Amino acid sequence: MPELSRYISLMGALPFVVLGIAHAFATPRTPAQSKGLSPRDSVLREAMTKDTVLLTRRTTLWLAWVGFNLSHSLGAVLFGAVVLLVGRSQPSFQAQAGVFLPFAIVVSGLYLLLGLRYWFRTPIVGIALSSVCFVASWGLFVMGR
């Protein structure tokens, strides 16, 4: 059962890696680019390059938008990569799963709450699948002890 727990945990990492990479590719780098995460209104895209946030005048809404999306992508990929590293071998998984699986459940659960509140169907489904995998992996891990 511990080996099955590890494989299910590894499966839970894949949506984070795949969705994180897809998110980066869907992020426009310039207002002229029309990509998946671009505002539909080209006038709005251009206006975002001219306005700043209240926190500082050193960045435009456009730059903040691009930076947020790329850093969000990086966070998802990094989380998935850490899960993959923990599960890279059975000894590594056995040594770290007791701490890391509950952490993965919490992190994926928080991503799921954010998704349900702010995002659209594709990331919600992917994150829900990851969450189910992490919970199942944790259950098998605890039962296998």
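Bear in mind that the values here come from a model prediction, so they are computed numbers and not experimental data. In this chain, numbering begins with 1 at the start of the sequence shown.
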*E46 versus S42, side-chain donor and acceptor atoms under 3.5 Å*: no
*Check: W119 ring centre within less than 6.0 Å of H23 ring centre*: no
*asked:* Please check: side-chain N/O of R6 versus main-chain N/O of E3, any donor-acceptor pairing under 3.5 Å?
replied: no
*asked:* Ignoring hydrogens, what is the shortest heavy-atom contact between F93 and S137? Give both atom names and the distance.
replied: CZ-OG, 3.7 Å
*asked:* What I'd like to find out is whether the side chain of D51 reaches to under 4.5 Å of the side chain of W62, using heavy atoms alone.
replied: no
*Does V107 share a hydrophobic cluster with L129, counting links as ILVMFWY side-chain heavy atoms below 4.5 Å and allowing steps through other members?*
no
*Rounded to the nearest 0.5 Å, what separation is found between the CZ atom of R29 and the CG atom of N69?*
9.0 Å
*Parallel under 30°, tilted from 30 to 60°, perpendicular over 60°: which one fits the rings of W65 and F68?*
tilted
*Same cluster for I8 and L84 if Ile/Leu/Val/Met/Phe/Trp/Tyr side chains link at under 4.5 Å?*
no
*Can you name the closest pair of heavy atoms from A24 and S73 and give their distance?*
N-OG, 3.1 Å
*So which heavy atom on G126 is nearest to which on P15, and how close?*
O-CB, 3.5 Å
_Evaluation steps, side-chain contact (heavy atoms from CB on, under 4.5 Å), between L110 and L114_ = CA-CA 6 Å; L110 291 171; L114 288 169; 5.6 Å; no
*Answer yes or no: is there a side-chain heavy-atom contact under 4.5 Å between S34 and R45?*
yes
*asked:* If you compare all heavy atoms of S131 against all heavy atoms of G109, which two are closest, and at what distance to 0.1 Å?
replied: OG-N, 4.0 Å
_Parallel, tilted or perpendicular: ring planes of F16 versus F79, cut at 30 and 60 degrees_ = perpendicular
*Any side-chain heavy atom of S92 within less than 4.5 Å of one from S89?*
yes
*With rounding to the nearest 0.5 Å, note down the distance linking CG in L63 to OG1 in T49.*
8.5 Å
*How long is the span from the OG1 atom in T27 to the CG atom in L37, to the nearest 0.5 Å?*
5.0 Å
*Could you tell me which non-hydrogen atom of A97 sits nearest to which non-hydrogen atom of F141, and how far apart they are?*
CB-CE1, 3.5 Å
*Find out if a path of hydrophobic residues (ILVMFWY) with successive side-chain heavy-atom gaps under 4.5 Å connects L112 to L101.*
yes
*Out of V83, V86, L4, L140, which one pairs with S9 under the side-chain contact (heavy atoms from CB on, under 4.5 Å) rule?*
V83
*When clusters are formed by joining ILVMFWY residues with side-chain heavy atoms under 4.5 Å apart, either directly or through shared neighbours, do I127 and L116 land in the same one?*
yes
*Output the distance between atom CG (L44) and atom OG (S38), rounded to the nearest 0.5 Å.*
10.5 Å
*State the CG-CD1 distance between L113 and I124, to the nearest 0.5 angstrom.*
10.5 Å
*asked:* I'd like to know whether CZ of R121 has more than 12 heavy-atom contacts from other residues, nucleotides or ligands below 6.0 angstrom.
replied: no
*Does any donor atom in the side chain of T52 or T60 lie under 3.5 Å from an acceptor atom in the other side chain?*
no
*Does P39 reach the side chain of M48, with side-chain heavy atoms less than 4.5 Å apart?*
yes
*Between CZ on residue F134 and CD1 on residue I105, distance to nearest 0.5 Å*: 8.5 Å
*State yes or no: do W138 and F103 share one hydrophobic cluster built from I, L, V, M, F, W and Y residues joined by side-chain heavy-atom distances below 4.5 Å, directly or via other members?*
yes
*Specify the closest pair of heavy atoms between A81 and V17, including all atoms of both residues, with the distance to one decimal.*
N-CG2, 4.0 Å
